[in-house]
Amino acid sequence: MNTNNANIIEWDFILLVLFSIIVPFGIYYFLSVIQSISRTKVVLFSFSLLIISGIDVVLLQRLSHKATLISQSTYSKFFQNELSIALYLLPALFAGIAINLISHVLIEHLNQAEKRFDNERKIK
């Protein structure tokens with residue numbers, strides 16, 4: 001096996017771990033610890049989770065493609081079986097949570113806008 005290919009796969013795998021586990025759970029931790037947060041920050045964190053999901057999918061596809069090119073069976077078995085399907089669940093989970101957060105912010109904003117509208121109509 002070419003040493004250069006192994007290094008590329010190792011860096012891709014390190015990035016995958018970083019963007020699949022460390023960064024999203026850091027965001028979740030921050031959101032759960034903070035006492036108050038603006039809508040803008042919630043939406044920004046949500047979009048960052050969507051971006052992280054996209055990065056995860058790209059990294060998984062790159063690793064899967066590179067694993068097919070490498071003759072070493074460990075990489076091939078790791079990225080070409082059921083485990084790779086399970087790895088795709090993390091980006092789907094992050095994207096789903098991000099969409100839920102964005103929809104929550106939009107619904108709350110619309111509820112408040114409706115209340116303001118109703119209050120303005122009562123005054124007139």
Side-chain angles (χ1 to χ4, degrees):
M1 180 168 83
N2 189 352
T3 307
N4 191 22
N5 286 339
N7 288 337
I8 291 172
I9 287 182
E10 289 172 6
W11 275 109
D12 285 346
F13 188 75
I14 289 169
L15 288 173
L16 181 67
V17 170
L18 179 72
F19 285 110
S20 293
I21 298 171
I22 296 170
V23 174
F25 287 107
I27 290 172
Y28 295 146
Y29 177 77
F30 178 77
L31 289 174
S32 66
V33 170
I34 196 163
Q35 296 295 320
S36 65
I37 190 168
S38 69
R39 287 186 195 140
T40 305
K41 288 182 183 175
V42 171
V43 169
L44 288 175
F45 282 124
S46 301
F47 280 119
S48 66
L49 283 174
L50 284 175
I51 291 168
I52 288 168
S53 297
I55 291 170
D56 282 350
V57 170
V58 168
L59 287 171
L60 283 168
Q61 289 176 347
R62 284 180 60 181
L63 285 167
S64 178
H65 176 70
K66 289 175 185 174
T68 59
L69 299 176
I70 295 175
S71 62
Q72 193 174 28
S73 62
T74 306
Y75 291 115
S76 297
K77 288 180 184 176
F78 187 71
F79 289 105
Q80 292 179 346
N81 61 12
E82 295 82 15
L83 186 59
S84 67
I85 293 171
L87 290 174
Y88 280 102
L89 291 177
L90 280 176
L93 172 74
F94 301 147
I97 291 172
I99 295 299
N100 282 337
L101 287 171
I102 291 169
S103 66
H104 169 74
V105 168
L106 289 174
I107 289 170
E108 286 296 316
H109 174 73
L110 291 174
N111 284 337
Q112 289 180 0
E114 288 175 356
K115 287 178 185 176
R116 282 192 300 265
F117 178 78
D118 290 341
N119 289 338
E120 289 174 2
R121 287 185 73 193
K122 287 180 184 178
I123 293 173
K124 292 181 181 180

Flag yes if [X] and [Y] sit in one hydrophobic cluster, no otherwise; membership is Ile, Leu, Val, Met, Phe, Trp, Tyr, and two members link when side-chain heavy atoms are under 4.5 Å apart.
X: L60; Y: I21; result: yes
X: L93; Y: V57; result: yes
X: L15; Y: V58; result: no
X: L59; Y: I22; result: yes
X: F47; Y: F94; result: yes

If you compare all heavy atoms of [X] against all heavy atoms of [Y], which two are closest, and at what distance to 0.1 Å?
X: E108; Y: R39; result: O-NH2, 4.2 Å
X: L18; Y: P24; result: O-CD, 4.0 Å
X: S103; Y: N100; result: OG-O, 2.9 Å

How far does [atom1] of [X] sit from [atom2] of [Y], to the nearest 0.5 angstrom?
X: I55; Y: L50; atom1: CD1; atom2: CG; result: 11.0 Å
X: L49; Y: I99; atom1: CG; atom2: CD1; result: 10.0 Å
X: E120; Y: K115; atom1: CD; atom2: NZ; result: 14.5 Å
X: S32; Y: F25; atom1: OG; atom2: CZ; result: 11.5 Å
X: I51; Y: S53; atom1: CD1; atom2: OG; result: 10.0 Å
X: Q112; Y: I107; atom1: CD; atom2: CD1; result: 12.5 Å

Exercise for review: Report the residue from V23, I27, V43 that forms a side-chain contact (heavy atoms from CB on, under 4.5 Å) with S48.
Suggested key: I27
Practice item. Describe, in one word, how the ring planes of F30 and F45 are oriented to each other, choosing from parallel (under 30°), tilted (30 to 60°) and perpendicular (over 60°). Key: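 Answer is tilted, since the angle falls between 30° and 60°.
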Exercise for review: Determine whether V105 and T40 make a side-chain contact, defined as any pair of heavy atoms from C-beta on separated by less than 4.5 Å.
Suggested key: no
